[in-house]
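A, B, ... follow the sequence lines: proteins, then strands. Residue 1 opens every chain.
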Amino acid sequence: MIKYFPAKIEPKWAKKWKDTGLFSPDLDKAKKPFYSLMMFPYPSAEGMHVGNMYAFTGSDVYSRFKRLQGFDVFEPIGLDGFGIHGENYAMKINEHPMEVSKRTEKHFYEQFLMVGNAFDWQRTVDTYKSNYYKWTQWAFLQLYKQGLAYRKKAEVNWCPSCLTVLADEQVISGECERCSSQVGKKELEQWFFKITDYADRLLSNIESLDWSEIVKTAQRNWIGRKDGINIEYELEGLDEKIVCFTTRPDTNFGATFIVIGPEHPLIYKIAQKQYLDAVKKYVSTALAKSDMERIAEGRKKTGVFTGVFAVNRLNGQKLPVWVSDFVLGKVGTGAVVGVPGHDIRDFEFAKEFDLPIVRVVVGKDDDKTPITKAEQVQEEEGLMVNSEFLNGLDIHEATVKIMDYLEEKGWGKRVTSYHLRDWLISRQRYWGPPIPTIYCDKCGIVPVPEEDLPVELPYIKDFKPTGTGVGPLASDSDFVNTTCPKCHGKARRETDVSDNFFDSSLYFFRYLTTDMDDKLFDDTRSKKWLPVDMYIGGAEHSVLHLLYSRFITMAFKDMGFIDFEEPFTKFRAHGLIIKDGAKMSKSKGNVIIPDKYIKDWGADVFRTYLMFMGPFTGGGDFQDDGLNGVYRFLTRIWSLAQNYEEAEATQEEKRILNKTIQKASKDFEKLHYNTVVSGLMELLNFLSRQKTASKETIKSMLIMLSPLAPFITEELWEILERTNIRTNEHWSIHNQPWPQIEEEHLKDEKVTIVIQVDGKLRDNLIIDRELADNQSEIESMAKNSPRVQKCIDSVAIVKVFYVPGKIINFVTDRK
RNA sequence: GCCGGGAUGGUGAAAUGGUAGACACGAUAGGUUUAGGACCUAUUGCUCGAAAGAGUGUGGAGGUUCGAGUCCUCUUCCCGGCACCA
């Protein structure tokens with residue numbers, strides 16, 4: 001027997017799997033299709049990170065398990081190569097992104113082969129190739145036709161380092177998602193996708209999705225639906241009205257002022273002469289501040305009075321109208337009604353400017369006194385007071401009643417507002433798909449005709465962003481100058497490219513039609529394979545890729561291209577890998593490069609170790625020591641499979657094997673790969689102790705191990721079965737059927753009964769299974785135990801609980 | 001502040017309301033081989049005890065139950081999402 005030497009067997013099988021197309025299902029003829037997808041990676045220059053590999057392995061293990069269960073599994077792979085990340089890197093090393101991408105592509109696909117994932121090598125998708133981005137552009141044109149892509153001048157996020165605009169989702173607490181620079185604001189005309197049209201569907205579908213809770217919650221928060229009412233306030237002596245959005249109209253009898261944000265369009269119309277200068281001054285300083293600066297100033301309230309009073313029509317109360325920057329222009333109506341007794345920010349404002357405070361709710365603390373301190377501000381459950389016809393109602397009843405009343409009077413209108421904004425997809429960058437539109441002086445915006453796609457991204461030597469608000473493509477006159485498709489006059493091309501996240505919001509459709517040049521969707525294949533059965537990826541894409549993909553899928557459904565609206569039936573977020581208790585980062589020097597580990601230990605050891613660390617959805621702490629244990633385990637498997645004393649399976653062997661199958665079946669499905677490994681270890685330990693094994697047991701064990709360690713099991717399968725690739729179409733272990741559970745072997749002849757006295761463990765009783773139902777017999781046997789007797793001889797037994805085959809508990813009068 | 005997810009040995013962790021710590025790592029002792037990240041056996045939650053054994057133990061406080069890591073209430077801390085969001 002040769003020693004277990006991974007480097008010798010792994011490359012051989014990787015090549016054989018690829019060359020024979022073992023993992024390429026027939027997309028048209030497959031009988032039990034199962035689309036197993038993982039988030040395709042961004043191909044970074046350093047190559048695959050251990051975090052990527054952890055995710056890919058976990059997804060691959062699941063796919064392989066499904067394949068053993070008899071599914072025709074489609075497990076595609078590709079590269080999400082377009083985007084700012086790659087372009088920034090190319091700039092850093094002073095190379096062209098087109099050159100860099102060739103290198104990273106090669107490296108990534110080599111790594112993918114090396115780790116042994118069961119990819120369909122015949123259907124890869126790389127977003128930066130024109131046979132893919134043709135479809136990104138096509139999708140843009142479809143959205144444009146539907147009015148879902150539009151151009152608008154707006155205040156947008158601007159990253160001063162990446163020199164481009166960014167979508168709201170790509171600004172993480174004020175910082176650029178890519179480079180962590182402080183994001184500023186710029187007024188620019190840009191392309192947007194109307195994702196807000198889908199806000200309600202995106203939100204209400206969440207409930208029915210079989211997705212990780214963490215992602216569902218993040219999406220709910222991001223969409224941020226709020227049900228409230230827009231209340232109209234007439235202004236004294238003016239023919240204008242101010243509309244305030246509120247979710248708490250129940251407290252409206254407690255309103256004492258109104259605050260409008262500095263962005264409010266009516267400011268200069270309503271501000272009275274003697275206050276105008278102060279208002280102007282305040283507004284200009286406020287608008288000069290970034291969001292971060294506004295927040296950085298803390299919660300200290302500032303503001304100026306406009307000189308105008310609004311009227312609360314509920315009680316005729318006069319409400320002074322103020323301007324303050326704590327009211328945000330883009331939230332609600334940009335104006336709020338101040339109820340200082342029941343909103344902490346309103347309270348702070350009222351205190352600052354000495355405005356009256358009225359209590360209209362009494363909460364659990366039963367405090368009915370006037371509200372003078374911040375601790376007294378009552379924002380929670382309670383009963384209405386000082387509110388005329390609402391008095392005595394709880395706040396929820398009062399909310400409904402006042403909304404009905406305001407609507408009836410015509411003073412207000414129920415509205416639903418969302419935190420979600422439209423998706424800004426223009427980027428003033430080079431490394432992305434050109435947005436396929438043309439500007440003609442006569443015809444205006446003209447979409448590129450579909451038959452002219454793709455609009456190829458030209459090679460531009462100086463691809464660096466300009467910072468002028470115009471993309472680098474503008475410098476290429478051959479690209480820019482074109483003719484109008486409508487009037488054939490002179491025209492200019494759009495020079496911005498689209499957001500990288502747009503590429504990735506449709507890649508899972510393209511995997512199915514890589515062999516078709518003329519369409520993105522094929523009805524038969526869509527019906528067979530979509531939506532994706534299982535999607536695995538990182539939770540960091542919760543409100544980016546995972547939200548965008550849902551929106552794009554809904555839009556495609558509405559256009560009739562597909563007949564479902566949720567792209568991913570099941571989604572599971574994998575955990576994160578940390579190293580020795582800390583997050584991996586280059587600066588800490590604790591980044592794990594899988595290549596080295598795979599070279600030293602083999603892909604099987606590395607894969608199995610990663611999956612054994614803990615539950616896949618939980619991530620884990622990477623410790624070099626752990627690899628040795630897994631290496632030991634595989635070595636023992638290696639020698640056992642080739643060097644065991646063959647014998648008929650014993651009863652105990654059959655029982656343990658069947659228990660292992662049962663456990664592995666359940667745990668693979670739950671993504672609890674760590675306990676699959678431990679179950680197999682227990683089986684191995686048993687066989688080692690027993691010193692004999694049946695060939696059937698060994699084979700079943702190898703099949704169960706094969707998703708985790710595909711190479712060693714394939715090699716051993718070949719040795720055991722002497723399969724011949726030329727003559728046997730089921731030569732591979734990866735095509736074997738999942739071992740069947742034989743129920744009759746799950747039960748042991750002996751069972752252990754735990755004996756407790758007053759709930760405390762006192763002894764064990766090993767009995768024949770047939771006796772398990774005979775309670776009186778068990779009882780007397782249990783009482784005979786000396787250790788039990790010691791506990792019960794001086795007390796009376798009040799009650800006996802017996803769970804057949806498991807436990808007997810004597811309850812005494814000592815209790 | 002709101003919404004999610006957590007907290008179990010020295011470490012990674014396991015436990016349909018029924019023997020907490022399976023399976024590993026590490027450690028200790030012994031054996032064996034020293035050509036190999038070696039292999040084999042035993043021990044390993046904590047406290048007391050030479051041992052038998054006893055007590056105790058799943059962030060904390062209560063509760064339900066014959067029986068709680070698991071269910072309920074309150075609470076502390078950690079991680080993630082949203083946030084001057086009206």
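For B:G80, the paired nucleotide is B:C3, the pair qualifying as Watson-Crick or G-U wobble because both relevant distances are below 3.5 Å. A 3.5 Å limit on both hydrogen-bonding distances identifies B:G12 as the Watson-Crick or G-U partner of B:C23. Across all strands shown, B:A61 is found opposite B:U73 as a Watson-Crick or G-U wobble partner, with both distances under 3.5 Å. The partner of B:U41 is B:A29, judged by Watson-Crick or G-U wobble contacts that both fall below 3.5 Å. Across all strands shown, B:A54 pairs with B:U47; the Watson-Crick or G-U wobble distances both stay below 3.5 Å.
The aromatic ring of A:Trp222 does not sit over the base of B:G81; the criterion of centres under 5.5 Å apart with planes under 30° is not met. Judged by centroid separation below 5.5 Å and plane tilt below 30°, A:Phe326 does not stack onto the base of B:C84.
As a whole-Å value, the separation of A:Arg248 CZ from B:A86 C1' is 11 Å. Taking atom CG of residue A:Leu420 and atom P of nucleotide B:C85, one finds them 18 Å apart after rounding to whole Å. For the pair A:Phe633 CZ and B:G12 C1', the computed distance is 16 Å after rounding to whole Å. Whole-Å rounding puts the A:Arg636 CZ to B:C39 C1' distance at 11 Å. Distance A:Arg572 CZ to B:G5 C1': 14 Å, rounded to the nearest Å. Rounded to whole Å, the distance from CZ on A:Phe622 to P on B:C25 is 15 Å. What separates CE of A:Met701 from P of B:C23 is a distance of 16 Å, to the nearest Å. As a whole-Å value, the separation of A:Asp624 CG from B:G26 P is 12 Å.
In this structure, A:Asn685 reaches the sugar-phosphate backbone alone: every heavy-atom distance under 4.0 Å involves primed, P, OP1 or OP2 atoms, never a base. A:Lys226 comes within 4.0 angstrom of a nucleotide base, judged by non-hydrogen atoms across all strands. The residue A:Thr752 sits close to a base: some heavy atom pair falls under 4.0 Å. Contacts of A:Gly620 with the nucleic acid, taken as non-hydrogen atoms under 4.0 Å apart, are absent. In this structure, A:Gln756 reaches the bases: a heavy-atom distance under 4.0 Å links it to at least one base atom across the strands shown. Note on A:Phe612: a base of the nucleic acid sits closer than 4.0 angstrom, heavy atoms only. Residue A:Arg225 is out of contact with every strand shown, counting any heavy-atom pair closer than 4.0 Å.
Nearest nucleotide to the A:Val803 side chain, out of B:C84, B:G18, B:G53: B:G18. Distances were taken from every side-chain heavy atom of A:Met613 (C-beta onward) to each of B:C66, B:G12, B:G53; the shortest belongs to B:G12. Among the nucleotides B:U11, B:G37, B:C84, the one closest to any side-chain atom of A:Glu348 is B:C84. Checking B:G81, B:G37, B:A86 against every side-chain atom of A:Ala218, the shortest atom distance belongs to B:G81. Closest to the A:Pro615 side chain, of the nucleotides B:A14, B:A22, B:A86, is B:A14. For A:Gln623, counting side-chain heavy atoms from C-beta on, the closest listed nucleotide (B:A86, B:G12, B:G18) is B:G12. In this structure, the nucleotide among B:C84, B:A15, B:U19 sitting nearest to the side chain of A:Leu761 is B:U19. With distances taken from any side-chain atom of A:Met681 to the nucleotides B:C23, B:G55, B:C66, the minimum falls on B:C23. Among the nucleotides B:G18, B:U16, B:G26, the one closest to the side chain of A:Asp625 is B:G26. Closest contact between the side chain of A:Asp600 and the listed nucleotides B:G12, B:A86, B:G37 involves B:G37.
For the pair A:Glu379 and A:Arg248, the salt-bridge criterion is not met [side-chain N within less than 4.0 Å of a carboxylate O]. Of the charged side-chain nitrogens involved, at least one lies within less than 4.0 Å of a carboxylate oxygen, so that A:Glu232 and A:Lys241 count as a salt-bridged pair.
For the pair A:Lys301 and A:Phe349, the cation-pi criterion (under 6.0 Å, within 45° of the ring axis) is not fulfilled.
Residue A:His419 places at least one side-chain N or O closer than 4.0 Å to OP1 or OP2 of B:A83. In this structure, A:Lys760 reaches the B:U56 phosphate: one of its side-chain N or O atoms is under 4.0 Å from OP1 or OP2. Between A:Arg632 and the phosphate of B:C25, there is a side-chain N or O to OP1/OP2 separation shorter than 4.0 Å. For the OP1/OP2 pair of B:G36 and a distance below 4.0 Å, the side-chain nitrogens and oxygens of A:Lys3 include no atom meeting the criterion. Close to B:C23, at under 4.0 Å from its OP1 or OP2, lies no side-chain N or O of A:Asn674.
B:G60 and B:U8 have their C1' atoms separated by 15 Å, given to the nearest Å. Taking atom C1' on both nucleotides, B:U76 is separated from B:A24 by 32 Å, rounded to a whole Å. Comparing the same atom, P, in B:A27 and in B:C79 gives a spacing of 31 Å after rounding to whole Å. Of the P atoms belonging to B:G21 and B:A15, the separation is 13 Å, rounded to the nearest Å. B:U58 sits 16 Å from B:U19 when the P atoms are compared, rounded to a whole Å. With P as the reference atom, B:C74 and B:C25 are 43 Å apart, rounded to whole Å. Nucleotides B:G4 and B:C72, compared at atom P, are 14 Å apart to the nearest Å. With P as the reference atom, B:G5 and B:G53 are 44 Å apart, rounded to whole Å.
In this structure, the side chain of A:Thr617 does not engage the main chain of A:Gly575 through any donor-acceptor pair within 3.5 Å. Judged by distance alone, with hydrogens and angles left aside, the side-chain atoms of A:Tyr282 form a donor-acceptor pair with the main-chain N or O of A:Asp325 at under 3.5 Å. When atom types are taken as modelled, the side chain of A:Asp604 and the backbone of A:Phe711 share a donor-acceptor pair closer than 3.5 angstrom. Put simply, the side chain of A:Asn312 gets close to the backbone of A:Leu314: a donor and an acceptor are under 3.5 Å apart. When atom types are taken as modelled, the side chain of A:Thr333 and the backbone of A:Phe245 share a donor-acceptor pair closer than 3.5 angstrom.
Judged by distance alone, with hydrogens and angles left aside, A:Lys301 brings a side-chain donor or acceptor within reach of the base of B:C84, the pair sitting under 3.5 Å. Interface remark: the A:Asn221 side chain does form a donor-acceptor pair with the B:G81 base, using a distance-only criterion of under 3.5 Å.
Anti is the classification of B:G59, since its glycosidic angle lies more than 90° from 0.
The 5' end of RNA chain B is approached more closely, in terms of each residue's nearest nucleotide, by A:Val171 than by the other of A:Gly332 and A:Val171. Checking A:Asn764 against A:Asn809, the closest nucleotide of RNA chain B that is more toward the 5' end is the one next to A:Asn764.
Aromatic ring pairs are classed by plane angle as parallel below 30°, tilted from 30° to 60° and perpendicular above 60°; the pair A:Trp601 and A:Tyr631 is perpendicular. By the 30° and 60° cut-offs, the orientation of the rings of A:Tyr597 relative to A:Phe622 is perpendicular.
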